[in-house]
Novice: 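Structure provided below as structure tokens; questions to follow.
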Amino acid sequence: MSQTVTTPPAAPTEASNRVTLGWSNRLLARPEVGALVAAIVIFIFFLIVAPAFRSPASFFTVLYQSSTIGIVAVGVGMLMIGGEFDLSAGVIVTTAGLVNAMFCYQLGINLWVGAILGLVFALVIGFLNGYLVVRTGIPSFLITLGTFFVLQGANLGVTKLVTGSVSTPNINQMDGYQTLDAIFASSFKVGTVTIEITVIWWFLFVALSAFILQRTRIGNWIYAVGGNADSARAVGVPVRAVKIGLFMTVSFLGWFIGMHTLYKFDTLQAGNGIGNEFLYIIAAVVGGTLLTGGFGNAIGVAIGAFIFGMTSLCIVYAGWDPNWFRAFLGVMLLLAVMVNLYVKKLSTSRKVG
């Protein structure tokens, strides 16, 4: 006698909670997209209103201007993704150059010794900034603001005490000058245009930063620390080491631009660099980095720096009053903050499927 086996009905499937954003939302959710659109619009605008900008030489001059801000902005952007600020980045640039120039000139030694001492000094400043932030819990805004004032006063006071003025002596006849100049401040011809070496260094630093942030464990740690430091610590992320390392990265890149400035002009004014820390932060924010941390990327920061370089020079190319540049920066910063908040909402929105 045969028996009939009844198969029970399949259990209903649970609703999926996976993110199912459309391709347009996924595109808009990338940090650099807003900056890229702005850069294209500004680029086309200045092509129309500033005929001098249409030459290849002018474009590479803009790239050079962008690189002098963009190199340090790479480190500042990574630090901001990690949830911190560094308001001493601008004066660290000058401090590193002053240590190199004055130490070697006064003692009559090879400039390479001074360059290495300048690097060590900059890294110590970065370490102290990071160490004080993680040990005391005081906001990095206040810690680095204090460092800013200390270095600003020391730059001016020590330089005047040693040299009798607020600038360093000319160093172009000292041992080691030629090789250091070739590394930090040289240029080369490609056809009819001159390309400054800092443009190449800028591209390399951006590529390295992008690789670290997107392809390595350290990059995951940086995003985790900036998103929620307590949660990151709970899953084993070395929060203190990551933050100190980020501050030291900013100091290293500040030293690099300090070397460029010194060997580009052969002398250095002790008051240089003041205010540049805001340009680094603006480049990062315009490039899609959130002020609250945990969001952004290196490509966006590079685009933000390019917007800065393009605008600062093209206002002059167009024959306008350069004072309008600061007003433009303020408008760009406000717009960037609003766009970044909208992009952040897109990137975290969920659709139940």
Side-chain angles (χ1 to χ4, degrees), residues 30-77 80 87 89-90 93 193-196 198-203 205-206 209 253-254 257 260-261 264 272-291 296-343:
R30 292 190 61 83
E32 73 274 19
V33 169
L36 179 60
V37 172
I40 293 172
V41 171
I42 295 169
F43 183 82
I44 294 173
F45 173 75
F46 280 118
L47 281 179
I48 296 171
V49 303
F53 181 48
R54 299 169 192 168
S55 70
S58 296
F59 177 76
F60 280 96
T61 301
V62 166
L63 284 181
Y64 167 66
Q65 178 78 350
S66 303
S67 70
T68 60
I69 295 297
I71 287 176
V72 184
V74 167
V76 170
M80 290 174 62
L87 295 181
V93 170
V193 300
T194 300
I195 301 177
E196 299 287 341
T198 51
V199 175
I200 306 302
W201 282 116
W202 179 36
F203 291 164
F205 285 132
V206 170
S209 174
L253 294 172
I257 288 299
H260 165 71
T261 306
K264 178 72 172 177
N272 284 356
I274 297 173
N276 283 355
E277 58 278 349
F278 296 111
L279 300 181
Y280 307 143
I281 292 173
I282 290 172
V285 173
V286 169
T289 306
L290 285 183
L291 294 169
N297 63 29
I299 302 300
V301 176
I303 296 173
F306 176 69
I307 290 174
F308 163 82
M310 179 168 52
T311 307
S312 63
L313 288 180
C314 286
I315 284 177
V316 177
Y317 291 156
W320 301 342
D321 184 350
N323 291 320
W324 284 106
F325 173 62
R326 297 289 176 175
F328 171 84
L329 282 183
V331 172
M332 283 297 297
L333 181 61
L334 292 174
L335 289 176
V337 170
M338 290 186 287
V339 170
N340 291 349
L341 289 175
Y342 174 70
V343 167

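All residue numbers in this chain count up from 1 along the given sequence. As a basis for the values below, the full set of heavy atoms in this structure was taken, side chains included, without hydrogen atoms, waters or symmetry mates.
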Novice: Please report the shortest heavy-atom distance between Arg54 and Ile48, naming the atom on each side.
Specialist: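 The answer is NH2-O, 3.1 Å.
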Novice: If only atom types and distance count, is the side chain of Gln65 paired as donor or acceptor with the main-chain N or O of Leu63 below 3.5 Å?
Specialist: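 Judged by distance alone, no pair lies under 3.5 Å.
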Novice: Just by distance, do the side chain of Ser55 and the backbone of Ser58 share a donor-acceptor pair under 3.5 Å?
Specialist: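 The answer is yes, because a donor-acceptor pair under 3.5 Å joins these two groups.
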Novice: Taking the side chain from Asn276 and the backbone from Leu279, do they hold a donor-acceptor pair closer than 3.5 Å?
Specialist: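 Answer holds: no.
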Novice: Are the side chains of Tyr317 and Thr61 in contact, using a 4.5 Å heavy-atom criterion?
Specialist: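 In contact.
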Novice: If the plane angle is over 60° it's perpendicular, under 30° parallel, otherwise tilted; pick one for Phe53 and Phe59.
Specialist: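 Rings of Phe53 and Phe59: tilted, as their planes differ by 30° to 60°.
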Novice: Taking the side chain as everything from C-beta on, heavy atoms only, tell me whether Ile44 gets closer than 4.5 Å to Ile40.
Specialist: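 Yes - at least one pair of side-chain heavy atoms lies under 4.5 Å apart.
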Novice: Are the side chains of Asn272 and Val93 in contact, using a 4.5 Å heavy-atom criterion?
Specialist: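 They are not in contact (no side-chain heavy atoms under 4.5 Å apart), so the answer is no.
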Novice: Please confirm whether the backbone N or O of Phe308 pairs with a side-chain atom of Thr311, one donor and one acceptor, at under 3.5 Å?
Specialist: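 Not at all, since once roles are kept as given, no pair shorter than 3.5 Å links the two residues.
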Novice: Do the side chains of Val199 and Phe60 get nearer than 4.5 Å, heavy atoms only?
Specialist: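 The answer is no, as the side chains (C-beta and beyond) never meet within the 4.5 Å cut-off.
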Novice: Got Leu36 and Phe306 here, is their nearest side-chain heavy-atom distance under 4.5 Å?
Specialist: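 Sidechains of Phe306 and Leu36: no contact.
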Novice: How about Val76 and Val301: do any of their side-chain heavy atoms sit closer than 4.5 Å?
Specialist: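 Not in contact.
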Novice: What are the two closest non-hydrogen atoms of Cys314 and Ala50, and how far apart are they?
Specialist: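 Shortest heavy-atom separation between Cys314 and Ala50 comes out as O-CB, 4.1 Å.
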